[in-house]
S.K.: 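Quick one: structure below, then a few questions.
Protein chains get the first letters and strands the later ones, always in sequence-line order, with residue 1 at the start of each.
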Amino acid sequence: MWRYALRRIAFLPVIIFVVSVITFVLLRVLPDQDPAVLMAGQNATPQQVQAIHELLGLDKPIVVQYIDWMSDVWRGDLGETYFGRRDIGAEVLRRFPASAELVLLSLIVSVIVGVSFGVLSAVMRNSSLDYIVRLSAVFGQSIPDFFLLILLIIIPSIIWNYAAPIGGYVAPWDDPLRNIRIYVPPSLILGIGGAAGIMRLQRTTMLEVLGSDYVRTARAKGLGAWNVIIGHAMRNTLAPLVTVIGTSFTVIFAGSVIAERVMSIDGLGVFFLDSAIQRDFPVVQFLVLYTATVVIVVNLIVDLSYAIIDPRVKYR
Amino acid sequence: MANEAQAIAGAVPAGDGWAMPPETPRRVALARLARRNPVGVIALLFVVAFCALGLAQVVSQDIFGTVLAPYDPRDIQAQDQFQGPSWEHPFGTNQRGNDMFSRVLAGARISFLIGLMGVTIGFIPGALLGIASGYYQRWLDYVIQRSAEAWSAFPLIFLYLALITAFGRGLQTIAIVIIISSVFGGSRVLRAAALVMKQNDFVEASRAVGASEVRILFHHIVPNVMPIIIVGASSVFAISVLTESALSFLGIGVDPGTPSWGIDLFEGLNNARFFPYLVIFPGIAISLVVLGFNMLGDTLRDVLDPRLRGQLG
Amino acid sequence: MTRIYDRYLRQRISRRRLLQATGASALGAAGVAIAGCGSGSPAGTATPSSEGTPQPGGIVHLRQSLTYPNFNPFGPGISALIPGLFVGFALYDHLWYVPTDTGEVIPFLADEIETIDAQTIRVTMKDAVFQDKPPVNGRAVRSTDLKASIEKFKEQVPFGFSWLQEVLERVETPDDRTIVYHQNRPWAWFFTASNAGSPWTSSIIPEEVLDQQDILDNDPIGSGKWMLAGHDGGTNVKLRKFQNWREPGLPLLDGVDYIFASDDTLAQAAFSAKDIDRITGLNFIERDEMVNRFGDELRIDSDLSRRYRTLMLKNEPPFDNPQVVHGINLALDREEIKQVLNLGDGELCGPLPPAHERFVLDENDPDLQEYFRYDPADAKLMLEGAAFPFDQEFVLKYWALDQSPDLVQVIASQLQEVGIKITLPGAEDLTAWLSNTLGPGNFQMTAFTHLPYEDPSLPLSFYKSPNFMDYENPDVEAAFLAAAAEVDEEARIELTKEAQRVIIRNWGPMLNLYSPKSFGATWDYYKGLVLSRGSFGAFNSRAWLDKS
């Protein structure tokens with residue numbers, strides 16, 4: 001187990017390294033992409049462009065540039081945006097809470113909805129509830145969240161002239177109501193989309209566990225049905241559940257870009273989107289590194305907790 | 001929009017329990033499925049209908065240069081803008097006076113093309129690669145596994161954002177992202193299946209009677225993982241359609257004016273408050289197509305997964 | 001075919017509906033603009049006095065539709081235009097301002113303006129102080145601040161032809177209150193050109209921060225009526241009243257909160273929820289929907305914008321041939337473009353946008369009529385005559401906002417009618433478009449919407465070299481300069497008209513299409529607005545909130 005964990009952790013920087021090198025090179029080798037020309041403005045002389053080249057270190061070999069950049073990032077200096085010279089580190093920190101809250105809330109929604117309905121669906125197998133739950137899982141997976149998010153804006157507006165507040169992040173402890181009004185509705189949409197996988201897996205594993213000998217034994221001992229489900233059966237569905245939560249996280253993480261865009265939430269997803277459209281390389285470069293790290297670390301945590309929850313699992 | 005490899009893995013629980021006894025008569029299983037699962041049949045019909053429409057649009061638009069629709073979806077009709085749904089324009093008209101019904105019909109082309117590319121150029125080669133890598137398990141396996149892992153470090157959308165910064169936007173970049181993801185997605189799922197399959201008795205038996213590796217691969221392994229390929233393909237198709245429309249919706253997908261359901265929703269961001277029908281019909285179109293493929297995949301999975309057989313219906 | 005347009009057209013003229021729309025509106029002028037009949041105000045309804053007594057206080061919420069990359073008005077390059085205009089309106093003070101409708105010089109910080117000779121203007125300033133933020137700490141505004149600001153603008157924002165670079169020779173500051181402008185030639189557009197047509201390069205910035213990029217970028221200090229109180233990386237900008245502004249007691253409002261909404265749907269929903277107090281850019285169907293829904297609670301206004309949509313061609317083959325430009329112009333159906341983008345509300349635009357009423361060509365002018373003529377058959381002949389490369393694909397670039405995606409689609413379809421092949425790439429972000437496409441002249445064709453310039457010479461100066469298209473024509477330049485040198489207004493109007501004719505006859509490769517007219521809606525509690533006077537309304541300090 002620990003050897004496995006160590007190996008995974010050791011592999012982590014390798015993946016991140018590969019990903020960041022590929023992005024770095026891609027952004028630099030393409031023609032017509034000289035940021036110095038953009039920064040210098042229209043009437044810049046070649047000398048001015050050259051000066052910016054030197055300032056940004058663009059005249060150095062690409063390997064040196066990469067090492068410089070990486071060591072800057074390591075020291076916490078993420079550089080400035082091309083358009084506007086904003087400190088990228090400060091921007092990322094400012095935008096992080098909004099994105100994190102959206103993703104976290106959505107994940108909580110998807111776990112709660114997914115697990116509870118998955119269990120219900122398994123316990124009440126073949127009932128109409130089971131059928132509805134399974135059907136809505138497919139619906140949740142199929143209806144694009146961007147479509148639902150537009151409906152989320154227009155339907156309350158058409159019926160009640162209601163709109164969720166927009167205009168900047170408010171921490172839940174500063175203004176709980178406003179925070180809820182901003183983040184809960186899109187989280188429900190993202191979360192229910194992400195719940196489909198959890199729901200389905202929870203149902204399947206629950207059915208399996210309910211059919212196993214030890215549950216029958218527990219029932220035979222005279223334990224109540226819900227006692228058995230919560231006390232015995234649930235525990236044994238945890239391991240696969242954790243895995244699928246990792247997948248749901250990825251779904252939600254991607255969906256958060258769309259939700260931020262549609263709801264005008266000023267988060268990291270929109271930062272990535274806008275910077276990609278503007279070709280603001282330093283931002284894209286860092287956010288590639290950031291998203292890769294987040295996804296990899298989350299998956300690592302998932303895999304490791306899998307081993308902790310289910311000691312039978314042996315990793316090579 | 002999720003990372004494809006993981007999404008497929010989520011849709012198709014790979015690993016043990018997937019070994020189909022080779023003697024199962026598939027035709028019987030499908031017939032049973034049809035009787036027991038009307039929803040699946042409807043989904044299948046819908047998928048077939050969509051594919052027929054998509055194919056017809058590809059043929060008419062790319063070969064004959066006309067659109068199979070009552071109106072030209074790009075035809076600008078000043079004076080005919082923002083008409084609500086009517087007999088003449090069942091889905092209304094948009095801000096340029098484009099007939100939305102025609103746009104929705106014509107938009108099937110992009111969705112179908114992208115889905116098809118994801119499955120044929122991406123998933124199926126990926127699946128074969130996965131089977132080979134799972135079966136042989138040598139350096140090939142290692143390379144594929146590691147690259148799939150690195151690739152899956154990103155949700156698709158982030159990958160695409162990184163790529164458009166370098167290559168620019170458009171159908172090509174979308175296709176690249178979807179195809180590569182499908183390759184890795186396919187290889188990941190099918191590798192797991194092939195690993196399990198390899199340990200089955202009948203493979204051992206074939207080997208014992210002196211069957212060649214290639215023969216084992218194509219006569220025993222491939223036919224037996226076929227259900228997984230079918231389910232996976234259906235899921236890949238759905239994900240590809242969803243991905244293209246999401247990217248176009250963000251304004252970073254196909255070029256404007258191209259009839260695409262994602263573009264229609266993107267334009268709706270500026271008009272939906274007063275003209276909701278401009279987003280509702282394209283939104284329903286995407287949902288139905290994705291739903292069709294997911295339902296189909298679901299039904300197949302339920303029927304083909306031996307652990308759940310007998311628990312359905 | 002039921003044509004919704006006709007239906008709405010009929011509705012639009014209905015007087016009763018109109019009165020309902022304007023309701024208790026104080027804005028008689030706005031009402032007239034809607035009716036389009038140009039005289040009188042909606043009789044029998046409320047008059048401006050019904051607005052009640054202005055009371056100070058309150059914070060108004062307005063929509064912000066794009067992110068400012070920073071607040072630095074100096075660039076680099078032309079992308080500084082966006083933050084430059086914002087801070088120019090909101091934070092920095094100016095000597096004067098010239099509203100387009102009247103053309104009179106309205107002094108702001110200027111106390112006395114004295115034209116010493118045709119090339120020299122002396123201005124004395126009123127008392128004013130800067131906002132109380134370090135390192136300026138609320139000190140008095142001096143003429144040297146203005147001098148230093150002008151010099152920095154002159155050095156930092158060189159693009160296209162501009163008064164600042166080409167005409168202004170130097171500024172002198174005989175004392176702390178006085179500033180003298182020396183021009184290298186008489187320039188009759190002095191009062192409008194000195195701020196680049198919009199209050200940007202006339203901003204008065206404290207001289208000690210001019211080299212402090214961090215302050216200019218993130219926490220600018222001005223002497224205008226608003227102070228920057230906060231922002232989220234260029235969005236959700238919060239402005240607060242500057243208590244020591246040169247006009248005591250003003251502004252009446254305590255502040256303005258800009259709320260970022262990138263899309264119209266979101267903004268319209270926020271407006272309906274009263275989270276935003278005013279919304280603009282509605283078409284008439286949307287306006288009617290709003291009125292049906294909210295009736296008397298709303299006031300509707302409309303404005304023929306000084307903005308205008310344009311198709312700009314790069315002056316290189318084949319567009320360096322006037323006959324090609326003429327042919328393309330004949331292929332453009334301006335009426336259709338106006339119909340598609342603004343449901344027909346707007347006016348066709350010659351070389352000078354129609355909002356500069358006093359200077360534009362008469363609609364019966366034969367040259368202007370040729371400019372507006374739409375004749376695809378003729379266009380084709382002319383292009384064939386000029387050996388136009390019909391097999392070549394041309395890329396038409398544009399940015400994402402302001403309906404530009406629809407604009408380029410209509411233009412592309414019209415040009416395709418006559419056989420010109422057009423490729424539309426993905427939309428660019430505005431900031432990126434300014435720096436990557438327009439600024440460096442990196443385009444074959446680009447279509448966009450101009451800003452609302454108050455300076456009537458500015459739209460014409462696009463044809464004067466240097467410009468974004470690399471267009472050079474001695475006749476056009478001579479006509480432009482002749483108008484600028486003419487001090488007498490009547491004569492200058494004639495010369496300006498002549499310059500427009502010369503531009504048309506030479507087929508300068510920027511083809512103006514039309515000026516949009518759209519509708520604004522304001523909640524009735526947001527009062528005292530100055531509307532229909534172009535950007536002048538942005539300097540109004542007497543708007544107030546009636547929310548008791």
Side-chain angles (χ1 to χ4, degrees), chain A residues 11 14-16 18-19 23 26-27 30 33 125-126 134-135 138-139 141-148 150-151 153-155 157-158 197 200-201 204 207-208 240 244 246-248 250-251 253-255 257-258 261-262 269 272-273 275-277 279-281 284 287-288 291-293 295-296 299, chain B residues 1-3 6-7 9-11 13 39 146-147 149-167 169 238 242 245-246 249-252 262 265-266 268-269 272-273 276 279-280 282-284 286-295 298 305 307-308 311-313:
Chain A
F11 193 54
V14 177
I15 295 182
I16 292 172
V18 169
V19 164
T23 341
L26 267 186
L27 293 182
L30 289 149
Q33 301 275 318
R125 193 171 73 208
N126 296 336
R134 291 167 59 202
L135 204 64
V138 190
F139 270 84
Q141 210 172 25
S142 306
I143 303 178
D145 35 16
F146 49 90
F147 179 42
L148 291 176
I150 298 184
L151 297 182
I153 297 173
I154 61 174
I155 292 174
S157 183
I158 289 171
R200 183 177 283 146
L201 187 89
T204 313
L207 280 178
E208 220 166 86
V244 80
T247 312
S248 288
T250 320
V251 175
F253 194 34
V257 179
I258 292 173
R261 167 72 181 77
V262 178
F272 201 160
L273 180 66
S275 305
I277 292 175
R279 303 192 165 190
D280 206 324
F281 297 162
V284 173
L287 288 179
V288 163
T291 44
T293 313
V295 174
I296 293 170
N299 280 319
Chain B
M1 281 314 297
N3 179 279
Q6 292 175 346
V39 177
R146 294 291 88 81
S147 11
E149 225 166 291
W151 181 265
S152 71
F154 283 130
L156 258 188
I157 185 167
F158 296 121
L159 264 174
Y160 183 75
L161 286 176
L163 283 182
I164 61 166
T165 318
F167 295 128
R169 294 167 241 181
L242 216 47
S245 56
F249 169 76
L250 288 172
I252 52 175
L265 283 169
F266 172 57
L269 277 177
R273 174 61 185 76
V279 294
I280 285 174
I284 289 177
I286 303 172
S287 308
L288 280 182
V289 168
V290 177
L291 193 63
F293 279 99
N294 278 341
M295 289 279 222
D298 249 35
D305 187 336
R307 286 177 302 175
L308 297 175
Q311 295 172 345
L312 293 170

S.K.: Which pair of non-hydrogen atoms, one from B/A246 and one from A/I258, has the smallest distance, and what is that distance?
M.R.: CB-CD1, 3.9 Å
S.K.: Given heavy-atom pairs under 4.5 angstrom as the criterion, report whether the side chain, backbone, both or neither of B/V289 touches chain A.
M.R.: neither
S.K.: Taking the side chain as C-beta and beyond, is there a heavy-atom pair between B/L161 and A/I277 under 4.5 Å?
M.R.: no
S.K.: Is any side-chain heavy atom of A/I153 closer than 4.5 Å to a side-chain heavy atom of B/R273?
M.R.: no
S.K.: Assess the residue pair B/L291 and A/Q141 against the criterion (side-chain contact (heavy atoms from CB on, under 4.5 Å)); give the C-alpha distance rounded to whole Å, side-chain angles, the decisive distance to 0.1 Å, and a yes or no.
M.R.: CA-CA 8 Å; B/L291 193 63; A/Q141 210 172 25; over 6 Å; no
S.K.: Is it the side chain or the backbone of A/I150 that comes within 4.5 Å of chain B heavy atoms, both, or neither?
M.R.: side chain
S.K.: What part of B/L265 lies closer than 4.5 angstrom to a heavy atom of chain A: side chain, backbone, both or neither?
M.R.: both
S.K.: Does any part of the side chain of B/F249, heavy atoms only, come nearer than 4.5 Å to the side chain of A/V262, both counted from C-beta?
M.R.: yes
S.K.: Using heavy-atom distances under 4.5 Å, tell me whether A/L135 contacts chain B through its side chain, its backbone, both, or neither.
M.R.: side chain
S.K.: Less than 4.5 Å apart, any side-chain heavy atom of A/P144 and any of B/V290?
M.R.: no
S.K.: How many angstroms lie between CD1 in B/I157 and CZ in A/F272, if you round to the nearest 0.5 Å?
M.R.: 9.0 Å
S.K.: Compare all side-chain heavy atoms of B/L269 with those of A/R261 and state whether any distance is below 4.5 angstrom.
M.R.: yes
S.K.: Taking side chain as everything from C-beta outward and backbone as N, CA, C, O, which of these in A/L151 sits under 4.5 Å from a heavy atom of chain B? Side chain, backbone, both or neither.
M.R.: side chain
S.K.: Check whether A/S157 gets within reach of chain B through its side chain, its backbone, both or neither, counting any heavy atom under 4.5 Å.
M.R.: both
S.K.: Could you have a look at A/V257, A/T23, A/L148 and say which one has the most heavy-atom pairs with chain B under 4.5 angstrom?
M.R.: A/V257
S.K.: Go through the atoms of A/V284 and report whether side chain, backbone, both or neither lie under 4.5 Å from a heavy atom of chain B.
M.R.: side chain
S.K.: Give, as side chain, backbone, both or neither, the part of B/A238 having an atom under 4.5 angstrom from any heavy atom of chain A.
M.R.: neither
S.K.: Given that the side chain runs from C-beta out, which part of B/L163 has a heavy atom under 4.5 Å from chain A: side chain, backbone, both or neither?
M.R.: side chain
S.K.: Within the structure provided, determine whether A/T250 and B/F158 are in side-chain contact (heavy-atom separation under 4.5 Å).
M.R.: no
S.K.: Hey, what do you get for CD1 (B/I280) to CD1 (A/I154), rounding to the nearest 0.5 Å?
M.R.: 5.5 Å
S.K.: Indicate yes or no: does B/D298 engage A/R200 in a salt bridge with an N to O separation below 4.0 Å.
M.R.: yes
S.K.: If we only count heavy atoms from C-beta on, is the B/I286 to A/F146 side-chain gap below 4.5 Å?
M.R.: yes
